[in-house]
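Notes to accompany the following structure.
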Amino acid sequence: MDLLVSIFPIVLLIYAMTKKHPVPSYIALPATALLIGIFQVFYFHANQTLLLANAISGVLSTLTPISIIAGAILLNRVMVLSGAENIVRHWLESISTNAVAQLMIIGWAFAFMIEGASGFGTPAAIAAPILVGLGFNPIKVILLTLTMNSVPVSFGAVGTPTWFGFAPLNLKDAEILSISQYTALVHTIAAFFIPIIALRFVVSWQDIRRNIIFILLSVLSCTLPYLLIAQWNYEFPSLLGGVIGLVISVFLARHHIGLSNETRHSEKRKGVSGKALAIAISPMILLVGILIITRIKQLGIKQILTDMTPWLHGSLGSTQVSVTDSLAISLTHIFGTSVSWAYKTLYVPALIPFLVVVLISIPILKMSKGQVFEAFSDCRRRILWPSISLMGALVMVKFMMLGKLDSPVLVIGHSFAELTGDKWTYFASYLGALGAFFSGSATVSNLTFGAIQQSIAVSVGLPQTLILALQSVGGAMGNMVCLNNIIAVSTILGISHKEGFIMKRTVVPMVIYGLIAALVSVFL
């Protein structure tokens with residue numbers, strides 16, 4: 001009965017958002033959160049104060065994704081309204097007018113690099129508008145970018161899902177490195193299939209077959225360095241793999257290596273001067289540069305931006321409020337409970353780098369006051385309904401995780417494990433994907449399910465590091481169906497009420513990814 005009550009709201013949500021006339025996410029998600037809250041009170045007998053505290057934490061947690069989305073939208077509008085996006089588009093077409101080449105350079109290699117530097121759903125937020133600017137269909141671009149942005153995720157944001165996601169397990173460094181090695185190997189093998197499936201959302205099988213050599217070379221240019229680096233380091237595989245892959249992919253496309261002679265129709269245009277291109281791409285260069293500088297802890301900037309030394313401290317009743325030296329705002333012991341919330345103002349990629357890059361770019365791109373006002377107005381209009389959707393999603397996540405070992409999420413996880421026994425390797429990645437679907441984060445999925453995966457491995461005699469690697473792979477592939485990511489990239493492209501439509505299609509490559517992970521695990 002516990003399993004039925006735990007899983008019913010999620011099944012209902014998926015049905016509501018994927019049926020013929022889908023319920024908009026800004027209605028479906030808050031309604032599901034309310035239903036789970038009712039179940040928590042009347043079935044699981046949750047403490048109502050604790051439930052309210054989690055609701056407050058969930059609503060406030062919306063500030064992180066919505067501020068990132070707002071920053072990405074703002075930068076996109078600045079690029080469009082200033083004319084910089086047109087210049088970048090013409091330059092990309094000068095590298096190659098082949099659709100597959102453009103999709104692989106931006107949707108695969110460039111996004112791979114951005115994921116390695118930042119995470120937080122930033123790759124799709126940056127890559128998708130560029131591809132739409134090149135003339136690709138927005139919905140198809142969403143499907144492609146969500147599917148592509150899976151392989152690098154386990155080492156996204158300089159390896160955060162791996163080294164931080166499994167931190168509560170108190171693993172030895174050698175064990176984390178072993179997880180890194182298994183994870184990278186599974187992702188590398190999956191990468192022979194997943195980018196091709198992603199491309200199929202946009203181009204035909206004939207186009208894929210004609211350009212298969214370029215596709216495979218572009219894939220390997222990212223994944224081979226990624227796999228090699230993961231043998232000795234779990235922070236830089238995606239970042240360095242993406243940088244190397246992007247350079248090689250551009251080189252291959254420019255010299256027409258592995259590409260067919262088929263090109264996309266494009267208007268006759270003047271060439272782009274070096275100066276004009278430098279100015280147009282300066283926001284992107286600045287964005288990537290700041291992301292890298294602020295994410296690599298060896299450079300020292302990351303520690304400054306995440307310094308949690310208290311600066312101001314006070315209380316609102318039993319709730320403790322503090323502001324740190326890095327301007328991180330936190331609430332602890334909300335309503336006297338163990339629930340907390342924090343917003344790392346300078347580290348969440350909203351003010352830095354998005355707003356900073358926008359403010360620097362306005363004079364560089366010579367934008368008028370009217371253009372600047374229009375960019376900020378467009379941004380404000382686009383984030384209203386997604387804000388409500390995300391509030392519903394994050395409150396739903398908090399409610400699903402409430403109850404420690406009796407939480408609905410853990411009930412679902414343990415029930416699946418009991419059904420499979422020592423065959424768990426075939427299903428471990430799907431539990432990781434479930435965590436990413438709920439939480440919107442591979443890191444949170446690893447934090448939530450890492451201990452369960454470890455206990456299952458011990459109880460049925462499976463290798464712990466392999467099972468934890470499959471958990472990490474699952475958290476990454478779950479990005480394809482994660483509601484937060486779907487809402488974010490849809491909002492940036494101005495697409496409304498298509499979340500269910502998108503999810504029905506991205507779940508297919510996610511299931512295939514899990515099957516690949518299961519097959520690979522048999523030989524490890």
Side-chain angles (χ1 to χ4, degrees), residues 104 107-109 111-113 115-116 144 146-156 159 161-162 176-200 208-209 212-234 236-242 244-245 248-249 258 423-433 436 442 445-446 453 462-463 465-481 506-524:
M104 290 299 296
W108 169 253
F112 205 106
M113 177 184 70
E115 177 63 37
L144 176 129
L146 287 171
T147 304
M148 288 280 203
N149 189 35
S150 52
V151 175
V153 167
S154 293
F155 303 99
T162 298
I176 298 177
L177 189 60
S178 177
I179 293 169
S180 167
Q181 293 164 350
Y182 280 134
T183 301
L185 179 59
V186 174
H187 278 312
T188 298
I189 293 172
F192 283 100
F193 306 94
I194 298 304
I196 293 174
I197 295 170
L199 286 169
R200 183 61 190 89
I208 292 171
R209 284 196 297 270
I212 192 65
I213 294 175
F214 174 84
I215 293 168
L216 293 177
L217 289 174
S218 180
V219 166
L220 290 170
S221 69
C222 290
T223 56
L224 285 183
Y226 166 94
L227 179 60
L228 291 172
I229 293 166
Q231 304 308 302
W232 54 269
N233 176 276
Y234 43 77
F236 300 116
S238 293
L239 178 58
L240 295 181
I244 295 168
I248 293 175
S249 295
K423 304 298 183 185
W424 180 243
T425 49
Y426 299 128
F427 305 95
S429 63
Y430 291 116
L431 182 58
S445 178
N446 290 348
Q453 298 271 22
L462 294 170
T465 54
L466 173 59
I467 296 301
L468 291 174
L470 292 172
Q471 158 63 35
S472 186
V473 169
M477 73 191 200
N479 262 25
M480 300 182 194
V481 294
T506 55
V507 75
V508 175
M510 189 212 73
V511 170
I512 293 171
Y513 212 126
L515 292 174
I516 294 169
L519 289 172
V520 173
S521 70
V522 173
F523 300 98
L524 297 179

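Please read these numbers as outputs of a predicted model, since none were measured by experiment.
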Just how far is it from atom OG of S178 to atom CD of Q231, taken to the nearest 0.5 Å? 9.5 Å
Nearest heavy-atom neighbours spanning Y226 and S238: CE1-OG, 3.4 Å
Distance-only, no hydrogens or angles: does the S218 side chain make a donor-acceptor pair with backbone N or O of F214 under 3.5 Å? no
Can you see which heavy atom on V151 is nearest to which on A191, and at what distance? CG2-CB, 4.1 Å
N446 CG to Q471 CD distance, which is reported to the nearest 0.5 Å: 4.5 Å
Please find the pair of heavy atoms, one from A436 and one from G475, that lie closest to each other, and give the distance. CB-O, 3.3 Å
Please examine the side chains of T162 and T183, heavy atoms only from C-beta on, and report whether any two atoms are closer than 4.5 Å. no
What is the minimum heavy-atom distance between G242 and C222, and which atoms define it? CA-SG, 4.4 Å
Considering all heavy atoms, the nearest A442-A476 contact: CB-N, 4.1 Å
Does some side-chain heavy atom of M480 sit less than 4.5 Å from a side-chain heavy atom of I194? yes
Pairs under 3.5 angstrom only: tabulate donor-acceptor contacts from the side chains of residues 509-524 to other protein residues two or more places apart or in another chain.
from	atom 1	to	atom 2	distance (Å)
Y513	OH	H187	ND1	2.6
S521	OG	A518	O	2.6

Donor-acceptor contact present, side-chain S154 to main-chain S472, <3.5 Å: yes
Spatial distance of atom CG (L228) from atom CD (Q181) [nearest 0.5 Å]: 11.5 Å
Could you list the residues that satisfy side chain to side chain contact (heavy atoms under 4.5 Å, CB included) with I213, not counting sequence neighbours? L217
For L240, all residues meeting side chain to side chain contact (heavy atoms under 4.5 Å, CB included), sequence neighbours excluded: I229, F236
For the residue pair P195 and W108, what are the closest heavy atoms and their distance? CG-CZ3, 3.7 Å
Are any non-hydrogen side-chain atoms of Y430 and M477 less than 4.5 angstrom apart? yes
I want to check something: taking the side chain as every heavy atom from C-beta on, are S249 and M104 in contact at a cut-off of under 4.5 Å? no
Determine whether a donor-acceptor pair (N or O, by modelled atom type, separation under 3.5 Å) exists between the side chain of Q453 and the backbone of A428. yes
Apply side chain to side chain contact (heavy atoms under 4.5 Å, CB included) to I244 and M113, showing your working. CA-CA 9 Å; I244 295 168; M113 177 184 70; over 6 Å; no
From Y234 atom OH to L177 atom CG, the distance as rounded to the nearest 0.5 Å: 7.5 Å
Value rounded to 0.5 Å, distance of OH in Y182 from CD1 in I467: 10.0 Å
Can you find a pair of side-chain heavy atoms, one from N479 and one from L146, that are under 4.5 Å apart? no
Step-by-step side chain to side chain contact (heavy atoms under 4.5 Å, CB included) determination, L431 to W424: CA-CA 10 Å; L431 182 58; W424 180 243; 3.7 Å; yes
d(L216 CG, I196 CD1) to nearest 0.5 Å is 5.5 Å
